[in-house]
K.L.:
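First, the structure itself, so that you have it in front of you.
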Protein chains: 2
Amino acid sequence: MATISDVAARAGVSRSTVSRVFLQPQVVAEDARRRVLAAADTLGYEPSPVARSLRRGRTGNLGLVVPDIANPFFPPLIKAVQRQARRHQMALFVADSDEHADDELALVRAMAKQVDGLILASPRVAEADLRALIEGTPTVVINRRLEGIPAVVTTPEQGMTQAVEHLAALGHGEIVYLAGPEQAYSNQQRRQALENACRLHGLRLSELGPFEPHFESGVRAGDLVLAQGGSAVVAYNDQIALGLLARLSERGTRVAQDVSVIGVDDTWLARMASPALTTVRVPAGAAGAAAVRLMVDVLSGGPVAGAAVELATELIVRSSTAAPPRPAATA
Amino acid sequence: MATISDVAARAGVSRSTVSRVFLQPQVVAEDARRRVLAAADTLGYEPSPVARSLRRGRTGNLGLVVPDIANPFFPPLIKAVQRQARRHQMALFVADSDEHADDELALVRAMAKQVDGLILASPRVAEADLRALIEGTPTVVINRRLEGIPAVVTTPEQGMTQAVEHLAALGHGEIVYLAGPEQAYSNQQRRQALENACRLHGLRLSELGPFEPHFESGVRAGDLVLAQGGSAVVAYNDQIALGLLARLSERGTRVAQDVSVIGVDDTWLARMASPALTTVRVPAGAAGAAAVRLMVDVLSGGPVAGAAVELATELIVRSSTAAPPRPAATA
DNA sequence: CTGTTAGCGCGTTCAC
DNA sequence: GTGAACGCGCTAACAG
């Protein structure tokens with residue numbers, strides 16, 4: 001690993017000139033520049049990002065914390081963040097908190113000092129802890145609202161309203177909501193949107209849970225749903241919905257004909273399921289890209305404090321919903 | 001962001017002493033240590049990883065490149081690497097190459113200078129490019145064999161042999177292999193293991209593909225399988241197998257009764273599918289953890305050049321395999 | 001046990 | 001257009 005001095009010596013110029021060649025090439029005389037580049041090439045020199053970071057006070061790295069890489073909602077988001085970060089010449093740290101608030105804190109703490117900015121996707125950690133922790137590190141949150149912190153949120157209102165309209169139109173009179181983690185902002189948001197839409201369309205709403213956002217939770221929920229006897233279910237996310245689908249089939253209940261199921265997220269699994277899952281599409285990739293854009297603004301000192309980008313959702317109708325076995329009386 | 005000098009001044013000691021308090025606390029006198037810690041606490045001081053890296057010549061970071069985060073095989077591997085890395089006080093960079101050799105190269109190049117070591121999971125890039133690139137950066141590869149480079153490989157032999165025995169015992173006389181990407185070492189490895197096992201048990205083997213390791217590929221493969229009329233299929237991985245399952249059902253073919261399907265990886269999707277997928281379990285988490293251990297050895301200068309950790313596989317029988325509609329005549 | 005000294009490799013004034 | 005000098009924040013000798 002050659003250093004800048006080696007290159008300078010070999011090219012017969014000072015270290016400053018070498019540095020300039022890599023930062024503002026136009027400023028350096030043609031022949032000097034060529035000599036430097038030649039020397040750098042034969043020596044295999046590349047500026048050390050570490051030394052550069054120390055000097056500049058910026059690392060050129062971005063940190064991203066997600067609650068669970070294995071949740072198919074996040075990979076597209078991660079990919080989008082990575083792509084957008086590279087576009088801005090930044091590398092990306094990804095960390096997985098395993099849905100655990102304590103781990104999340106530790107990860108954020110570990111990352112904070114080595115990145116220029118932090119993107120927190122669906123953070124589970126308590127607000128006070130989080131504020132204390134990210135003070136001094138530019139932060140953008142995804143799918144959570146924190147006064148004064150730039151955020152990208154997806155709004156379930158449109159999708160949930162469409163879901164309720166869809167179910168009402170099919171003749172359902174009540175809906176069971178399978179709740180997600182209590183600490184998850186998304187859960188409160190989705191429940192609220194569902195409540196509003198149900199009130200508006202005169203449907204009854206009941207709730208089961210909370211459930212961890214996993215396939216297994218949905219399996220467990222299946223028996224509860226059957227016991228309660230609902231005809232339409234909206235799950236916190238696709239994974240729970242898919243677990244539910246599997247369990248219902250296992251118990252001999254026909255999805256759609258007997259019980260309609262709607263998920264949220266529209267991960268690629270929704271299309272894959274059988275029957276294909278009707279679900280509320282949440283634009284994960286767009287959210288990730290928007291978060292990076294917001295971060296870039298923050299880092300360039302733009303007046304973005306408290307800004308919140310909102311991304312709409314929409315219902316994707318597939319085959320897991322149908323008219324109930326015996327239509328409810330109109331309310 | 002307070003610096004070490006601030007803390008030193010406030011605690012009335014030299015910078016070296018402050019440094020020692022954070023590196024070898026036992027060496028510092030009780031009261032000095034307490035004063036330093038108090039000062040650091042009130043000033044909110046934490047050693048700068050960047051400056052530390054520059055001075056030490058090590059970053060304390062590990063890089064991990066995977067071909068596709070969205071492939072459910074990788075999240076458990078990533079989680080295991082992250083966990084193991086943290087255990088060794090190292091942070092983790094994760095990058096996704098989107099199954100694309102060029103991106104892989106660019107990512108490795110970008111990471112190489114900011115990490116102490118690189119873990120390459122199922123690298124797609126050509127051997128020559130790869131060797132040139134990682135020269136100078138300690139590297140461990142997962143699921144690929146490169147002479148002289150430490151590696152962790154999963155061996156499909158056991159699982160594939162069990163799969164063939166299983167199918168033969170059920171009465172199948174031939175097997176169709178749905179191939180994965182040609183550049184993938186795993187594909188060659190799996191095909192070879194399958195060939196050997198088939199020869200041993202006197203089954204005929206044919207091949208379709210190559211297919212990208214995605215659900216959609218499996219859907220496409222479905223029609224090809226039906227056209228060819230095979231009674232047993234082994235897919236390169238679970239995702240392809242699941243796409244196949246979906247397509248077969250769609251076409252009215254009953255999985256297991258009409259066509260037996262076996263996947264490879266045993267991702268969580270395999271259990272989720274309906275019918276649940278018989279598959280060859282590949283220990284992804286164990287592979288990730290082993291890779292970090294190997295890396296730690298390499299970094300501490302151990303004599304591990306060319307070492308290769310081998311991890312066995314095993315067949316997990318579920319419900320996607322059964323006797324063929326009309327048993328083949330014994331060969 | 002502690003302070004002093006000397007860089008790690010680079011980017012940035014500020015003169016020339 | 002170019003070089004000299006300085007320091008980013010920290011740790012690793014070396015004395016004491």
K.L.:
Heavy atoms only, 4.0 Å cut-off, all strands: where does V28(A) land among base, sugar-phosphate and nothing?
P.N.:
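Sugar-phosphate: the residue V28(A), judged by heavy atoms under 4.0 Å, touches backbone atoms but no base.
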K.L.:
At less than 4.0 Å, is any side-chain N or O atom of S48(A) found next to OP1 or OP2 of dG9(C)? Yes or no.
P.N.:
no
K.L.:
From CG of L54(B) over to P of dC8(C), roughly how many Å is that when rounded to an integer?
P.N.:
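In whole Å, dC8(C) P and L54(B) CG are 9 Å from each other.
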K.L.:
In whole Å, I'd like the distance from the CD atom of E46(B) to the C1' atom of dC10(D).
P.N.:
15 Å
K.L.:
Of the options dC10(D), dG9(C), dG11(C), whose atoms approach the side-chain atoms of A51(B) most closely?
P.N.:
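That would be dC10(D).
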K.L.:
Picking from dT2(D), dG9(D), dT2(C), which would you name as closest to the side chain of T17(B)?
P.N.:
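Of the candidates, dT2(C) comes closest.
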K.L.:
Atom CD of Q114(B) to atom P of dC8(C): distance rounded to whole Å?
P.N.:
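It works out to 21 Å between those atoms.
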K.L.:
Could you tell me the separation between the CZ atom of R34(A) and the P atom of dG1(D), rounded to a whole number of Å?
P.N.:
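Taking CZ of R34(A) and P of dG1(D), I get 17 Å after rounding.
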K.L.:
Which part of the nucleic acid does Y45(B) contact within heavy-atom distance under 4.0 Å: base, sugar-phosphate only, or nothing?
P.N.:
sugar-phosphate
K.L.:
Distance check needed: dA6(C) C1' versus R55(B) CZ, whole Å only.
P.N.:
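From R55(B) CZ to dA6(C) C1': 8 Å.
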K.L.:
Between dT2(D), dT11(D), dG11(C), which one does the side chain of R52(B) approach most closely?
P.N.:
dT11(D)
K.L.:
Would you classify V50(A) as touching base, sugar-phosphate or nothing, given that sugar-phosphate means primed atoms plus P, OP1 and OP2, and contacts are heavy atoms under 4.0 Å?
P.N.:
nothing
K.L.:
In whole Å, what is the span from the CG atom of L23(B) to the C1' atom of dC10(D)?
P.N.:
9 Å
K.L.:
Salt-bridge test for R35(A) and D31(A): reply yes if a basic N is under 4.0 Å from a carboxylate O, no otherwise.
P.N.:
yes
K.L.:
Would you say the side chain of R20(B) and the base of dG3(C) hold a donor-acceptor pair, judged only by whether the two atoms sit under 3.5 Å apart?
P.N.:
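Side chain to base: pair found, below 3.5 Å.
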K.L.:
Between E310(A) and R145(A), does any NZ, NE, NH1 or NH2 come within less than 4.0 Å of an OD or OE carboxylate oxygen?
P.N.:
yes
K.L.:
Looking across every strand, which nucleic acid part, if any, lies under 4.0 Å from S19(A) by heavy atom: base, sugar-phosphate, or nothing?
P.N.:
base
K.L.:
Between dT11(D) and S16(B), counting only base atoms on the nucleotide and side-chain atoms on the residue, is there a donor-acceptor pair under 3.5 Å?
P.N.:
no
K.L.:
Can you tell me how far C1' of dG9(C) sits from CZ of F22(A), to the nearest Å?
P.N.:
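Atom-to-atom, F22(A) to dG9(C), this comes out as 13 Å.
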K.L.:
Return whichever of R33(B) or P47(A) has its heavy-atom-nearest nucleotide of DNA chain C closer to the 5' end.
P.N.:
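Looking at the nearest nucleotide for each, R33(B) comes out on the 5' side.
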K.L.:
Nearest to the side chain of R15(A), which nucleotide is it out of dC10(D), dG9(C), dG11(C)?
P.N.:
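Ranking dC10(D), dG9(C), dG11(C) by closest atom to the R15(A) side chain puts dG11(C) first.
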K.L.:
For R56(A) and dT13(C), give me the distance from atom CZ to atom P, rounded to whole Å.
P.N.:
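That distance rounds to 12 Å.
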